[in-house]
Amino acid sequence: MQLEPRRPQTIDELYDRALALAGRSFAELARAAGLAIPDDLRHAKGWVGQLLETHLGATAGSKPLQDFPELGVELKTLPVTPEGEPLETTFVCSAPLTHTTGVDWLSSNVRNKLRCVLWLPIDGRRDIGVAERVVGTAFFWRPSTAQEQQLRADWEEHMDRIALGQVEAITARQGEWLQVRPKAADGNALTDAVGPDGRIIRVRPRGFYLKKRFTRQILQETFTNAC
DNA sequence: AGATGATCATAT
DNA sequence: ATATGATCATCT
């Protein structure tokens, strides 16, 4: 296979290219991309995501943009079990801990990131080597009205706590579908946040993550067909 | 076993 | 430190 470094020009082109990856092993994709295959993902957690980005022509780098800005599409890999169950939560974006006045759901990063997602289920089996794992069938998703309400309700609950200086009281157990968890390089990473008395405090950076039950719901509505 | 809290790599 | 890409590893 030839690697396609061009950016896809249309949604259809992106979709076709993503579907063409179904069934392919990470070994062949890595070889085509000229990438070395890690023994495991312990020290290469974002490796699969980057591998797929390369194959689909996404903009590499650290820019705070969607993967395909012209198409308004965000790419997300989703590790799944052989039964099609999500194996991990899905990181969405970092959580703003200061300057939160005025930010509402409609203008939130969470909503904007999730407006249109190209999900790429990937073989998440840890009992086989990375090279042997394969890509699943890609699909486009936009949140339904009901799903957007689920996310909005959780987002508002989290943002209320953050705005009220209760960041440190936030637990990953909170939120039915969307949770807030640490998102940092290590325990030394600190950022500003609003403290209980309204003053600025230093805390571990946090991020919004989709709980498994949310992505499970997406997978089910997508792959459940009437037989 | 599954989820929570912690962590890993890279670029800017 | 912040953004991107996430999974690890410990605890319950």
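So you know, we letter chains A, B, ... as the sequences are listed, proteins then strands, and number each from 1.
Taking every heavy atom of residues 154-168 of chain A and every atom of DNA chain C, no pair lies under 4.0 Å. DNA chain C lies under 4.0 Å from at least one heavy atom of each of the following residues of residues 82-93 of chain A: A/Glu88, A/Thr89, A/Phe91. Within residues 116-133 of chain A, no residue places a heavy atom under 4.0 Å from DNA chain B.
Counting heavy atoms from C-beta outward, A/Gln166 and A/Ile170 have side chains that stay 4.5 Å or more apart. Side-chain contact check for A/Leu210 versus A/Thr89: every heavy-atom pair is 4.5 Å or farther apart. Counting heavy atoms from C-beta on, the side chains of A/Val167 and A/Arg161 never come closer than 4.5 Å. Inter-residue side-chain proximity for A/Phe208 and A/Gln179 is flagged as unmet; no heavy-atom pair is nearer than 4.5 Å.
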Let me have the donor-acceptor pairs involving side chains of residues 116-128 of chain A, under 3.5 Å, with sequence neighbours excluded, atom names and distances please.
unit_1	atom_1	unit_2	atom_2	d
A/Asp123	OD1	A/Arg125	N	3.1
A/Asp123	OD1	A/Arg125	NE	3.0
A/Asp123	OD2	A/Arg125	NE	3.2
A/Asp123	OD2	A/Arg125	NH2	2.7
A/Asp123	OD2	A/Val134	N	3.4
A/Arg126	NH2	A/Glu88	OE2	2.4

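What separates CZ of A/Phe208 from C1' of C/dT2 is a distance of 16 Å, to the nearest Å. Atom CG in A/Asp40 sits roughly 7 Å away from atom P in C/dC8 (whole-Å rounding). Look at CD on A/Gln174: it is 17 Å from P on B/dA3, rounded to the nearest Å. The distance from atom CG of A/Leu210 to atom P of C/dA6 is 12 Å, rounded to the nearest whole Å.
Residue A/Arg31 qualifies as open at atom CZ: its count of foreign heavy atoms under 6.0 Å is 12 or below. For A/Asp197, the CG atom counts as densely surrounded, since its 6.0 Å shell holds more than 12 non-hydrogen atoms of other residues, nucleotides or ligands. Summarising the local packing, CZ of A/Arg199 is surrounded by 12 or fewer heavy atoms from other residues, nucleotides or ligands at distances under 6.0 Å.
With sequence neighbours excluded, the residues that form a salt bridge (Lys or Arg N to Asp or Glu O under 4.0 Å) with A/Arg111 are A/Glu148. Scored by the salt bridge (Lys or Arg N to Asp or Glu O under 4.0 Å) test, A/Glu85 finds A/Arg216 as partners (sequence neighbours excluded). Listed by chain and residue number, nothing satisfies the ring pair (Phe, Tyr, Trp, His ring centres under 6.0 Å) test with A/Phe68 (two or more places apart in sequence, or in another chain).
For residues 92-112 of chain A, every residue pair satisfying the ring pair (Phe, Tyr, Trp, His ring centres under 6.0 Å) rule, not counting sequence neighbours, is listed here: A/Trp105-A/Trp155. The list of ring pair (Phe, Tyr, Trp, His ring centres under 6.0 Å) pairs with a residue in residues 11-32 of chain A, not counting sequence neighbours, reads A/Tyr15-A/Phe140.
Hydrophobic clustering, with ILVMFWY side chains joined whenever heavy atoms are under 4.5 angstrom apart, groups A/Val130 together with A/Leu35. By the rule that hydrophobic residues join a cluster once side-chain heavy atoms approach within less than 4.5 Å of another member, A/Ile37 and A/Val135 end up as members of one cluster.
Checking the phosphate oxygens (OP1, OP2) of C/dA3, a side-chain nitrogen or oxygen of A/Ser94 falls inside 4.0 Å. For C/dT4, one of the phosphate oxygens OP1 or OP2 lies less than 4.0 angstrom from a side-chain nitrogen or oxygen of A/Lys113.
Looking at heavy-atom distances under 4.0 Å, A/Arg213 makes no contact with the nucleic acid at all. At the heavy-atom level, A/Glu74 lies under 4.0 Å from the strands shown only through sugar-phosphate atoms.
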For nucleotides 7-12 of chain B, read 5' to 3', which letter fits each nucleotide if B means a protein heavy atom sits under 4.0 Å from the base, S means only the sugar-phosphate is that close, and - means neither?
-> BBS-BS
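Rounded to 10 degrees, the angle separating the terminal axes of the helix from B/dA1-C/dT12 to B/dT12-C/dA1 is 30°, with each axis obtained from five end pairs.
A/Tyr209 shares a hydrophobic cluster with A/Phe91; the chain of contacts runs through ILVMFWY side chains whose heavy atoms sit under 4.5 Å apart.
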